[in-house]
**Q** 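What follows is a structure written as structure tokens; I'll ask about it next.
In listed order, ligands and their atoms are each counted from 1.
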Amino acid sequence: MSKPIGIDLGTTNSVVAVAERHDQVRVIADAAGDSTTPSVICFLPERIVIGAEAKALQAVGQGETAAFFKRHMGDANFLFSAQGRDWTPVDLSALLLARLREQAERALGARVAKAVVTVPAYFRNPHREATRRAAEQAGLELLQLVNEPTAAAIAYGLRQGAADSGKTLLVYDLGGGTFDLTLLRIDADEIRVLNSVGDHELGGKDWDDRLVEWAAKRFEDEFGRDPFEDAATRADLFVEAEQAKKRLTQAQRAIIGIAHGGHRGRYAIERAEFESISADLTERTTWLTETLLDDMDIRAECLDGILLVGGSTRMPMVHDFIRRKLGQEPMTGVNVDEAVARGAALLAAQHRPNTAQFSIGGRRAVDVTNHSLGMIAENQDRTAYINSIILPKNRDIPSTERRPFRFRLGRGNRLEIFMTQGESVRPDEPTFLGLYSAEIPLAGQRGEAIVDIDYAYDLSGTVKVSAQLRGGPQLAMKVEPLPDDVPERFLLPPPSEPQPQHISVFLTFDLSGSMAGEPLAEAQRAAHEFVRNLDLTHASVGIMVVADRVDTVCPLCQDARKLGHAIDRLEIGSVGYGNGAHPFDQALNTMSAVSGTKYQLVLADGVWSNQGLAIDRAKRCHKAGIDIIAIGFGGVDQGFLDAIASTDQGSIFTSLEGLTEAFSTIAQELTEGGTAFSLASRK
Ligand code: AMP
């Protein structure tokens with residue numbers, strides 16, 4: 001059976017290792033015999049070269065060279081064009097991982113299928129997802145993504161005896177392109193990450209750049225030519241500078257040579273001068289170190305050890321800094337280039353599917369969440385947005401948490417989860433990790449829904465978000481790009497609660513003799529439909545009839561059964577057979593003390609004998625805030641309908657067959673707060 005490998009997928013260099021026996025790790029060298037493989041890919045017209053050879057080609061300016069692509073992991077906009085196609089950071093990382101896998105297969109003489117891959121502690125969800133995809137693309141089953149400092153600590157941890165229990169350690173990781181600081185604790189049975197910070201724009205490359213600038217300036221002063229004019233010279237200069245930097249680790253003096261435009265310059269630099277032109281870079285690590293210790297309320301003298309990781313920690317100025325600022329000698333004993341891969345290999349060997357912890361030398365190595373994860377929610381009284389934490393920091397991984405949230409349902413019933421990382425309750429202080437959305441399947445319903453939100457943090461440091469409607473289905477989640485106005489939009493108050501205005505409607509039926517038979521039956525059907533389509537939690541309905549007299553056969557109520565009975569009992573002749581009365585005075589009297597939105601929905605089939613008076617009184621109703629919707633059919637006078645209705649839309653002429661639809665449409669409109677029938681809509 002093939003052995004699982006550990007891969008340190010680095011910004012400048014990558015390392016692959018395998019645990020041969022329980023505590024013996026073999027770092028697998030590349031074809032040139034180096035334990036580190038430069039994370040460099042060179043695209044030539046006919047082939048792709050990876051590692052030391054690619055770096056050498058880069059130095060002579062050949063091919064299209066991709067380097068430092070790890071800095072772009074998770075960045076959807078970064079594309080590298082070569083060989084007539086675009087390569088994403090995932091594609092580039094996959095090429096490198098596949099190359100490391102092949103390297104291991106050659107050394108082990110067996111197929112390699114599984115790996116633990118390391119990522120910087122500050123990698124967020126999208127970066128981790130991207131790394132996971134790269135591993136898959138490289139044909140590797142990813143056992144776990146582990147934080148680099150955690151892996152390094154495991155490599156160091158093995159060298160320490162059980163006597164180290166209770167110690168607090170600082171991992172100082174300065175590689176080629178990243179700087180990571182991690183505080184960890186060794187207990188009797190576990191190695192725990194307490195906190196981790198990083199600066200992913202700081203690494204050995206920045207020290208190289210200082211030497212490049214320094215030497216290029218000397219050359220320009222001497223020959224009046226800029227060595228950057230020529231790509232090959234420029235590439236040579238970067239190689240020279242890195243070599244000089246490494247020499248300065250051993251020696252007090254190094255020489256940087258530049259040949260350009262027929263001129264040859266040789267510049268000697270003293271270690272002291274190198275340290276002075278790069279002092280601000282070391283200072284940047286000081287600042288982060290102080291911030292981390294302050295945050296954790298730990299004094300430097302309380303640290304039980306400082307672990308060095310990454311090639312750049314070989315620089316004497318780093319050792320000096322640690323001695324000066326932290327008052328102690330850093331620990332030694334592990335190759336700083338290999339520590340991360342060694343730890344990853346140990347984890348790979350110890351990996352048991354579905355276990356959160358790994359027994360290493362009798363101890364467990366536990367990774368924890370470094371930051372709290374939450375989402376933006378409304379505060380208790382819904383006057384402001386807050387960052388509401390779902391998964392608190394320092395939880396052992398894997399970890400899952402479920403929290404219920406009350407969501408307002410607007411039109412469309414869209415649920416939005418803005419995922420955050422950070423401790424502050426303020427909505428503008430955390431980092432926004434992503435936007436997840438779902439449709440709540442409650443079409444047409446208004447009000448609120450309770451949704452249980454789950455955050456699941458897995459071993460690879462990836463967070464999975466899921467949501468379930470309380471008492472309902474699991475919601476299908478979509479990942480969306482974060483809008484540009486985040487977090488600013490959350491500094492505004494949430495939209496004020498749309499107070500559902502109470503609606504009062506008097507259904508008013510013309511029960512003159514001409515309504516006998518089919519017209520009354522249709523009117524009753526339409527009235528039933530109206531009641532069915534109205535949200536009676538926010539509406540009251542009354543029924544009035546008019547012929548020779550006016551009568552309120554059902555006062556305003558919210559009782560569908562009562563209304564149903566009243567509709568069924570509508571009878572021709574109950575208020576006479578003629579059409580001499582009008583219902584507007586009675587509506588005005590009955591509704592004057594009623595608050596909210598008031599409507600009178602009048603159904604007429606003929607011509608009223610007192611039209612002038614009726615129009616006059618209808619207008620009084622309009623003035624008093626009662627909006628009249630007039631529906632007519634048969635021989636009704638359309639001009640009359642227009643005159644009594646409050647708005648143009650409120651004057652509806654239809655056929656007998658169209659009555660039910662007209663009534664139910666009106667009920668829906670009123671329920672949704674439509675203003676088409678209200679005088680207010682004319683203003
Ligand atoms: P890593 O990403 O850990 O492989 O770190 C690589 C970085 O370490 C590169 O910037 C190297 O130039 C740097 N590095 C390696 N060896 C030395 C050394 N002896 N002195 C100074 N920097 C070194």
**Q** Can a cation-pi geometry be assigned to R85 and W87, taking NZ or CZ under 6.0 Å from the six-membered ring centre and within 45° of the ring axis?
**A** yes
**Q** Who pairs with E329 by side chain to side chain donor-acceptor pair (under 3.5 Å), at least two apart in sequence or on another chain?
**A** R323
**Q** Just the distances, no angles: every ligand 1 N or O to protein N or O pair closer than 3.5 Å, one line each.
**A**
| residue | atom | partner | partner atom | Å |
| --- | --- | --- | --- | --- |
| ligand 1 | 2 (O) | T12 | OG1 | 2.9 |
| ligand 1 | 2 (O) | G176 | N | 2.9 |
| ligand 1 | 3 (O) | G311 | N | 3.0 |
| ligand 1 | 4 (O) | N13 | ND2 | 3.0 |
| ligand 1 | 5 (O) | G176 | N | 3.2 |
| ligand 1 | 5 (O) | G311 | N | 3.3 |
| ligand 1 | 8 (O) | S312 | N | 3.1 |
| ligand 1 | 8 (O) | S312 | OG | 3.4 |
| ligand 1 | 10 (O) | K245 | NZ | 3.1 |
| ligand 1 | 12 (O) | E242 | OE2 | 2.6 |
| ligand 1 | 12 (O) | K245 | NZ | 2.7 |
| ligand 1 | 16 (N) | R314 | NH1 | 3.3 |
| ligand 1 | 20 (N) | T249 | OG1 | 2.7 |

**Q** Which side-chain N or O atoms in residues 251-265 pair as donor and acceptor under 3.5 Å with protein atoms at least two apart or in another chain?
**A**
| residue | atom | partner | partner atom | Å |
| --- | --- | --- | --- | --- |
| R253 | NE | E270 | OE2 | 3.2 |
| H260 | ND1 | T233 | OG1 | 3.4 |
| H260 | NE2 | D226 | O | 3.4 |
| H260 | NE2 | E229 | OE1 | 3.1 |

**Q** Residues two or more places apart in sequence or in another chain: which of them pass side chain to side chain donor-acceptor pair (under 3.5 Å) with K464?
**A** none
**Q** Output yes when R106 and E102 qualify as a salt bridge under the 4.0 Å nitrogen-oxygen rule, no when they do not.
**A** no
**Q** Given L347, which partner from the list T150, V146, T118 fulfils the side chain to side chain contact (heavy atoms under 4.5 Å, CB included) test?
**A** V146
